[in-house]
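Side-chain atoms are counted along with the backbone in the values below, which use heavy atoms only and exclude waters and symmetry mates. A quick note: this is a predicted structure, and the numbers were derived from the prediction, not measured.
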Amino acid sequence: MSDLTLAPPPPRAQLLRQLRGRLGELVASLRLVAEGLLGAEAPIDFVGVEPSGRITLILVGDDGQDLELVGRALAQRRWVEARARDWLQLAPGLGIRPEAGVRVVLLCARFQPETLAAARALGSGVLELAHYRCVRNGTGVDTLVEAVWTPTASQVHQPGAQRTAEPPPPPFRTGLTDADLGLTPEEQREFGPATPASSAPNSPISPRGLPPGS
């Protein structure tokens, strides 16, 4: 078997053809319904529909184009959201569910830290990132894909999911002694047994007269 070595990306048309066959590795059971669709002032490389009815847009960027692609992705997402119900009426067989939303997957050779931060800030179901790598396999060039950042259930709280119980706050401590509080014998009996001044003259108490750390 020939060793794989990194290779420069092929011409864009060839790159898109190779990526087309790899998209199922990024989005399970994705059904492509359009390619090169003219959207918001620019083409959308791939448009697909997931089994849930959510629309997935896939944009492919050149090296160094990733941060610019974030703005384009948001524009295309908004453009598709405004037309999803029209698409459903024109082609009900596509299985589109407008209420399922629209997400965008960006495919680039590499991503700058600012792009990763932007994807995280946008939250779940908006933007996902994936690398493509062009490798030479013998005499040919193949393109591999790998997810870089995808929100998970552990990163985003799902409605109805139980949150992990937070530990209770530590008991409140005043740091004051009975003498500092000036309690009468009756008040000391009400809040609990007082600490004898002879055994612990400056021992702090809680509002209910419990010793520290109880």
**Item:** Path from L57 to V27 over hydrophobic side-chain contacts below 4.5 Å
**Value:** no

**Request:** Taking the side chain as every heavy atom from C-beta outward, state whether W79 and L37 have any pair of such atoms under 4.5 Å apart.
**Result:** yes

**Asked** Can we say R22 and D142 salt-bridge, meaning some charged N sits less than 4.0 Å from an Asp/Glu carboxylate O?
**Response** yes

**Closest non-hydrogen atom pair between P92 and Q89, with its separation** = CD-O, 3.7 Å

**Message:** If hydrophobic clusters are built from ILVMFWY residues whose side chains come within less than 4.5 Å, do V105 and L16 share one?
**Reply:** yes

**Prompt:** Roughly how far, to the nearest 0.5 Å, is OG1 of T56 from CZ of F46?
**Reply:** 13.0 Å

**Request:** Report the distance from atom SG of C108 to atom CG of L67, rounding to the nearest 0.5 Å.
**Result:** 10.0 Å

**Prompt:** For A147 and L26, which heavy atoms make the closest approach, and how far apart are they?
**Reply:** N-CD2, 3.8 Å

**Message:** With clusters defined by side-chain heavy atoms of hydrophobic residues (ILVMFWY) lying less than 4.5 Å apart, directly or transitively, does I44 cluster with L122?
**Reply:** yes

**Derivation of the side chain to side chain contact (heavy atoms under 4.5 Å, CB included) call for R54 and R97** = CA-CA 6 Å; R54 178 168 63 174; R97 292 178 58 243; over 6 Å; no

**Request:** Decide whether L107 and L69 are clustered together by the hydrophobic rule: side chain heavy atoms of Ile, Leu, Val, Met, Phe, Trp, Tyr closer than 4.5 Å, transitively.
**Result:** no

**Request:** Provide the closest heavy-atom pair for L59 versus A73 in the form atom of the first, atom of the second, distance.
**Result:** CD1-CA, 3.7 Å

**Message:** Just so I know, are the side chains of P98 and L88 near enough to count as touching, which here means a heavy-atom distance under 4.5 Å?
**Reply:** yes

**Asked** Quick one: are T5 and V135 in side-chain contact, heavy atoms under 4.5 Å?
**Response** no

**Asked** Would you say T115 and L129 make side-chain contact, with heavy atoms under 4.5 Å?
**Response** yes

**Request:** For the pair E146 and R133, evaluate salt bridge (Lys or Arg N to Asp or Glu O under 4.0 Å) and give the outcome as yes or no after the intermediate values.
**Result:** CA-CA 8 Å; E146 179 184 11; R133 293 281 188 270; over 6 Å; no

**Prompt:** Do any N or O atoms from the side chain of Q76 and from the backbone of A42 form a donor-acceptor pair under 3.5 angstrom?
**Reply:** yes

**Message:** The criterion is salt bridge (charged side-chain N to carboxylate O under 4.0 Å, His left out); which residues satisfy it with D86, sequence neighbours excluded?
**Reply:** none

**Fill in**
Minimal heavy-atom distance between G53 and A100, with the atoms involved, is C-CB, 3.8 Å

**salt bridge (charged side-chain N to carboxylate O under 4.0 Å, His left out), paired with E81, selected from R83, R77, R85** = R77

**Asked** Say you draw a straight line from CG of L144 to OH of Y132; how long is it, rounded to the nearest 0.5 Å?
**Response** 12.5 Å

**Message:** Contact between L106 and V104 at the side-chain level, heavy atoms closer than 4.5 Å - yes or no?
**Reply:** yes

**Asked** Any ion pair linking E50 and R31 (charged N to carboxylate O, less than 4.0 Å)?
**Response** no

**Message:** Is there a continuous path of hydrophobic side-chain contacts, each under 4.5 Å between heavy atoms, that joins V102 to L23?
**Reply:** no

**Request:** State, with a plain yes or no, whether a side-chain heavy atom of P10 is found less than 4.5 Å away from one of Q18.
**Result:** yes

**Prompt:** Hey, does D45 have a side-chain heavy atom less than 4.5 Å from the side chain of I58?
**Reply:** no

**Request:** Report, as yes or no, whether the 6.0 Å neighbourhood of atom CZ on R20 holds more than 12 heavy atoms from other residues, nucleotides or ligands.
**Result:** no

**Prompt:** If you count the non-hydrogen atoms of other residues, nucleotides and ligands that lie under 6.0 Å from CD in Q112, is the total more than 12?
**Reply:** yes

**Complete:** For R72, the salt bridge (charged side-chain N to carboxylate O under 4.0 Å, His left out) test, sequence neighbours excluded, returns E68

**Message:** Check this for me: E99, atom CD, are more than 12 non-hydrogen atoms of other residues, nucleotides or ligands nearer than 6.0 Å?
**Reply:** yes

**Request:** Show the numbers, then the answer: is there a side chain to side chain contact (heavy atoms under 4.5 Å, CB included) between L127 and L74?
**Result:** CA-CA 8 Å; L127 190 65; L74 296 179; 5.7 Å; no

**Request:** On the 0 to 90° scale, with breaks at 30° and 60°, tag the F111-H131 ring pair as parallel, tilted or perpendicular.
**Result:** parallel

**Item:** V80 side chain near W87 side chain, heavy-atom distance below 4.5 Å
**Value:** yes

**Prompt:** Got more than 12 heavy atoms from elsewhere within 6.0 Å of CZ, R12?
**Reply:** yes

**P8 to C134 - nearest heavy-atom pair and separation** = O-CB, 4.0 Å

**Closest non-hydrogen atom pair, A84 against I55** = CB-CD1, 4.0 Å

**Message:** I'd like to know if D66 and R110 make a salt bridge, using a cut-off of under 4.0 Å between side-chain N and carboxylate O.
**Reply:** no

**Message:** Please evaluate residues V49 and L30 with respect to the criterion side chain to side chain contact (heavy atoms under 4.5 Å, CB included), reporting the C-alpha separation (whole Å), side-chain torsions for both, the decisive distance (0.1 Å), and the verdict.
**Reply:** CA-CA 6 Å; V49 179; L30 181 71; 5.8 Å; no

